[in-house]
Amino acid sequence: MPIFPAVTVSLVPQARGGPFVLWDDLPTACARAAAMGFAAVEIFPAHPDEIDGHALRELLRRHGLRLAAMGTGAGWVVRKLSLTDPDPHVRLCASDFIGSVIDFAGGFGAPAIIGSMQGRWGGEVSREQAMAWLKEGLDQLGPRAHALEVPLLVEPLNRYETNLLNNVDDSVAFLGTLQTKNVKLLCDLFHMNIEESDIAAALRRGGRHVGHIHYADSNRRAIGFGHTPVGPIVSALRTIQYSGFVSAEVLPMPDDETAGRQTMRAFREAFGT
Ligand code: LER
Ligand code: MN
């Protein structure tokens, strides 16, 4: 599969102000994504139960779109669930919630994303303990995704959002400790701009572990609206033979339409399609 452009759609009012381009209902969002030229949508739902699977399938078909991925961040934003919470019941609810996203998205051939639901260490929870719980969670959920023939994506986040997985090297080392081989990295260029000394070099080191890209500029606006040099990043993706989606998880600034159209302009320029 070559590289395709995707755009984010948030269905979570509590996430307002967050880095999602489209905030409309799914029929409107799919129509707009297709009109802008995107090949896929990445959906951030409060819960997959709020989405009518048949209606989504029909919308995607009608607009020639695919589902690129589905985020689990609402589990944290809305319910404060994480895989590394000291309370075993909260960890169980976190795992159940992520499982429901894996099942729903997997039915569309798309992976679930674990970003903020990795949680953080601190207080009564040591770093070692948090990493052990994260490993336990991923080793349980990775095979669930594998049964649906999709990977599970884990996203290193910048230091202001987590103190667990912040960069590619640590995350690749962590993947090596898992029993499951079905977890891949979501490399978000915005987080990488903060945490990596060289984004392109980090992507090369990520190699076959890179499973998805959040395509955002240094200031989390559309690519081209910040100062990240995109040429070396595109070369790195070619070198590692990345195939999959580059997904605009960016702020809708100055407005959603301009952010979406700029992403597509930059995508065509960078990838020559
Ligand atoms: C959060 O900053 C982020 O990048 C999301 O993709 C994770 O939920
Ligand atoms: Mn991201």
Side-chain angles (χ1 to χ4, degrees), residues 5-23 40-48 67-85 94-95 97-98 100-102 104-105 110-120 134 137-138 141 151-168 171 183-196 199 202-203 206 209-223 226 228 233 237 242 244-253 259 263:
V7 66
T8 48
V9 179
S10 172
L11 303 175
V12 183
Q14 294 94 324
R16 274 278 170 203
F20 305 100
V21 177
L22 299 173
W23 293 81
V41 286
E42 177 175 321
I43 302 177
F44 184 83
H47 195 288
L67 181 63
M70 188 168 271
T72 63
W76 170 253
V77 172
V78 179
R79 295 166 63 196
K80 293 290 172 273
L81 300 176
S82 92
L83 292 174
T84 53
D85 192 282
S95 180
F97 176 73
I98 295 167
S100 67
V101 176
I102 289 172
F104 185 95
I113 298 167
I114 299 177
S116 52
M117 286 196 72
Q118 70 187 266
R120 49 173 65 229
L134 187 57
L138 295 179
L141 294 163
L152 176 60
L153 298 173
V154 66
E155 180 175 13
L157 304 175
N158 76 68
R159 66 194 67 185
Y160 307 107
E161 296 187 33
T162 186
N163 51 18
L164 294 177
L165 299 177
N166 296 127
N167 60 52
V168 167
S171 302
V183 179
K184 291 199 168 208
L185 296 184
L186 192 180
C187 294
D188 182 324
L189 303 184
F190 164 74
H191 296 302
M192 295 179 87
N193 173 61
I194 297 170
E195 297 298 336
E196 308 288 354
I199 298 177
L203 287 169
H209 297 289
V210 178
H212 194 76
I213 299 289
H214 277 163
Y215 199 54
D217 216 318
S218 51
N219 49 8
R220 219 170 203 181
R221 292 179 61 182
I223 289 279
T228 295
I233 292 171
L237 292 175
Y242 175 72
F245 296 100
V246 293
S247 189
E249 188 189 68
V250 301
L251 297 163
M253 285 171 67
T263 294

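The basis for the numbers below is simple: all heavy atoms, side chains too, and nothing from hydrogens, waters or symmetry mates. In listed order, ligands and their atoms are each counted from 1.
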Proximal ligand 1 atoms for Arg220, defined as those under 4.0 Å from one of its heavy atoms: 1 (C), 2 (O), 3 (C), 4 (O)
Show me which atoms of ligand 1 lie under 4.0 Å from any heavy atom of Asp188. 4 (O)
What angle, to the nearest 10°, do the atoms OE1 (Glu249) and ND1 (His214) form about the Mn ion (ligand 2)? 90°
What is the nearest protein non-hydrogen atom to atom 8 (O) of ligand 1, stated with its residue, atom name and distance? Ser116 N, 3.9 Å
I need the single residue from Val101, Val154, Leu81 that forms a side-chain contact (heavy atoms from CB on, under 4.5 Å) with Met117. Which is it? Leu81
So which protein heavy atom does atom 7 (C) of ligand 1 come closest to, and at what separation? Glu155 OE1, 3.0 Å
Ligand-residue contact atoms, ligand 1 with Glu161, heavy atoms, under 4.0 Å: 1 (C), 2 (O)
Hey, is Glu42 one of the residues with a heavy atom under 4.0 angstrom from ligand 1? no
Within less than 2.8 Å of the Mn ion (ligand 2), any N, O or S from His191? no
Heavy-atom closest pair (Ala259 atom, Leu251 atom, distance to 0.1 Å) is CB-O, 3.8 Å
Leu153 and Pro111 have their tightest heavy-atom pair at CD1-CG, 3.6 Å
Name whichever N, O or S atom of Asp188 ends up nearest to the Mn ion (ligand 2). OD2
State the atoms of ligand 1, each with its element, that fall below the 4.0 Å cut-off from a heavy-atom position in His214. 6 (O)
Within reach of ligand 1, part of Gln118 (heavy-atom separation under 4.0 Å): neither
Among the N/O/S atoms of Glu155, which is closest to the Mn ion (ligand 2)? Give the atom name. OE2
The single option from Val21, Leu189, Thr8, Leu186 that satisfies side-chain contact (heavy atoms from CB on, under 4.5 Å) with Glu249 is Thr8
Checking side-chain contact (heavy atoms from CB on, under 4.5 Å) for the pair Arg221/Val250: CA distance, chi angles, key distance, verdict? CA-CA 5 Å; Arg221 292 179 61 182; Val250 301; 5.6 Å; no
Please check if any side-chain donor atom of His214 sits under 3.5 Å from a side-chain acceptor atom of Glu42, or the reverse. yes
Less than 4.0 Å is my threshold; does some heavy atom of His191 fall inside it relative to ligand 1? yes
Positive for side chain to side chain donor-acceptor pair (under 3.5 Å) with Asp217, one of Thr263, Asn193, Thr228: Thr228
Looking only at atom types and distance, does a side-chain atom of Arg120 sit under 3.5 Å from a main-chain N or O of Glu161, one as donor and one as acceptor? yes
Please check this pair: side chain of Glu155 against backbone of Ile113, looking for a donor-acceptor N/O pair closer than 3.5 Å. no
